[in-house]
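Letters go in sequence order (proteins before strands), and every chain restarts at 1.
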Amino acid sequence: MTDRSEQEQRRLEELNELSKLGINAYPYKWEVDSHAADVLVAFDDGRHQPDENGEVETPLRVSLAGRIISKRVMGKASFFHLRDSSGDIQVYVRRDDLPEGWYNTVFKKLLDIGDIVGITGFAFRTKLGEVSVHVEEMTLLAKAIRPLPIEKESDGHVYNEVVDKEFRYRQRYVDLILHEDVKQVFKERARMVSAIRSFLDERDMVEVETPVLQPIYGGATARPFTTHHNALDMQLYLRIADELYLKRLIVGGFDGVYEISKDFRNEGLSRYHNPEFTMLEVYVAYKDYLWMMDLVEEMVEHAVLAVRGSTEIQVDGKTISFKRPWKRIPMIEAIQQETGHDIGGKTREELASIADGLGIAVDKSMGSGKIIDEIFGEHVEPKLIQPTFITDYPIELSPLAKRHRSKEGLVERFEAICNGKELCNAFSELNDPLDQRSRFEDQAALLAGGDEEAMQLDDDYIRALEYGMPPTAGLGVGIDRLAMLVTGQKSIRDVILFPLLRPELVEHEESE
RNA sequence: GAUCCCGUAGCUCAGUUGGCAGAGCAUCUGACUUUUAAUCAGAGGGUCGCAGGUUCGAGCCCUGCCGGGAUCACCA
């Protein structure tokens, strides 16, 4: 209590006053029959506007609920703006329309900006032309103890806008109350995910759920979070991918499965990285990566269209078109186009010297595949703005992908790159259990050598493959990054409702 | 993990060569029955992120720490 600000103390006192007046500051319900936006649409000057005597033949009577976001008190009548999930509407209150004392005592003194109220009344248009609701009945639905930051807008300019990122991320609820555009981003994200889900459902893919807590982590190269299960006294990892479980389901006879999962990687934070993030993975039996490219194009085009109403989006002044078909370029060709170097069939030493000539630091631990990946990441990826499929990756980087059917040393893998960033990763899945075991063993050697991101050997996964997995195409899509692109956000924190931040010191208050 | 920038009232921000901590909005008191960044008159509100140091004197200079942002590295 002692730590309460002046304004908070005042609001707590108001709670007492309300209680003395027999008003419950936190009642149980309110019948809402309209939203702000509906009233603005439904109001018709010809039918609903009162005449000079205040008479309305066909009043537009509404019952709304929402938060008071502005208050203009003048003598015996006042205006305020009410904000509900649909938007804002102005409300007109007159002393003489409310029960004795309500206007002067309750409305003027005990209700604040930030409080949630229910109102009933009729719509009308004010002298200055704003469609408003003339209150006939008003109830407090929830008293706010903390003052809501107040932003004011005039001629499209926002004054006192809350811009502090930390405030907005930590108290996302306030950010959402204040900023419709933030809410819009998350609605768009939801629409995108929903479009992807229905797209896959329509193709008879089965949405499944696989373990988040895994005794062996796999399916990607990353450092995991570890945790512990008490009853079984066992170490568990939060999944870094769901790939290996989904492929077990293909072994089990599903023709197509997908999961939209939270994955966890114990790595640094940046505007492209949050430790927990959302991944879509899709696996389809009897298909290869060429088929999967078609699916990705179609799915992403569909999702962009569902959110934007167009297959084009604007990013940093650039127009990106997701219209099919996208360009497809083998990785080696893409490198040749951008750097002039033909890296096909080169030895590790030759590659190292090319990389060196391109200004890339090469150290002894880097194999051929890693060097090629560095060259690509430095000199090609940033230049790919329009969605482009890069195909056929070095085998060392892809321990779960199938060897290329005709190109030595490569696997059947593709990534879609867009705006200089990876959009998805996919391959013809490796289903030869003997090959898979030997690739895992290579990884195990790296792990033993101190590479914390190398994969663990998963014997049960090998056992599953030994029962026979059909040829399978697999796909992983970073949903947050796709959402950033589709909603035009520059930071992953702006497409994640509650991004991870360092803990803040929250004042822990004691009850009075 | 490295570098740079930022942290002042509930919110947005000023704060000069180091010299009594300010404004607008919000809040409080009063006036006002169609206002709209409502207006008018008055008032209150601060651990200047935290801890040290330099100085007669620190919001300002120095060091460390905490928190945030941007860039880089790792990754999706």
Scan nucleotides 28-37 of chain B nucleotide by nucleotide, 5' to 3', and note B when protein non-hydrogen atoms come under 4.0 Å of the base, S if they reach only the sugar-phosphate, - if neither. S-S-BBBBBB

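- Partners of A:F80 according to the ring pair (Phe, Tyr, Trp, His ring centres under 6.0 Å) rule, which considers only residues two or more places apart in sequence or in another chain, are A:F107.
- Among the nucleotides B:U12, B:A70, B:G10, the one closest to any side-chain atom of A:R271 is B:A70.
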Dot-bracket pairing map - RNA chain B, Watson-Crick plus G-U, both contacts under 3.5 Å, | cross-strand: (((((((..((((.....[..)))).(((((.......))))).....(((((..]....))))))))))))....

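- The ring pair (Phe, Tyr, Trp, His ring centres under 6.0 Å) test applied to A:H134 returns A:Y92, A:F122, A:F124, not counting sequence neighbours.
- Taking A:Y159 as the reference, A:H157 meet the ring pair (Phe, Tyr, Trp, His ring centres under 6.0 Å) condition, with sequence neighbours excluded.
- Between B:G68 and A:R170, a contact under 4.0 Å exists linking OP1 or OP2 to a side-chain N or O.
- In this structure, the side chain of A:R47 does not engage the main chain of A:P59 through any donor-acceptor pair within 3.5 Å.
- B:A9 and B:C28 have their C1' atoms separated by 15 Å, with the value rounded to a whole Å.
- Applying the ring pair (Phe, Tyr, Trp, His ring centres under 6.0 Å) criterion to A:W102, with sequence neighbours excluded, gives no partner residue.
- One can place CG of A:D115 at 14 Å from C1' of B:A26, the figure rounded to the nearest angstrom.
- A:R11 has no side-chain polar atom (N or O) that falls below the 4.0 Å cut-off from OP1 or OP2 of B:A26.
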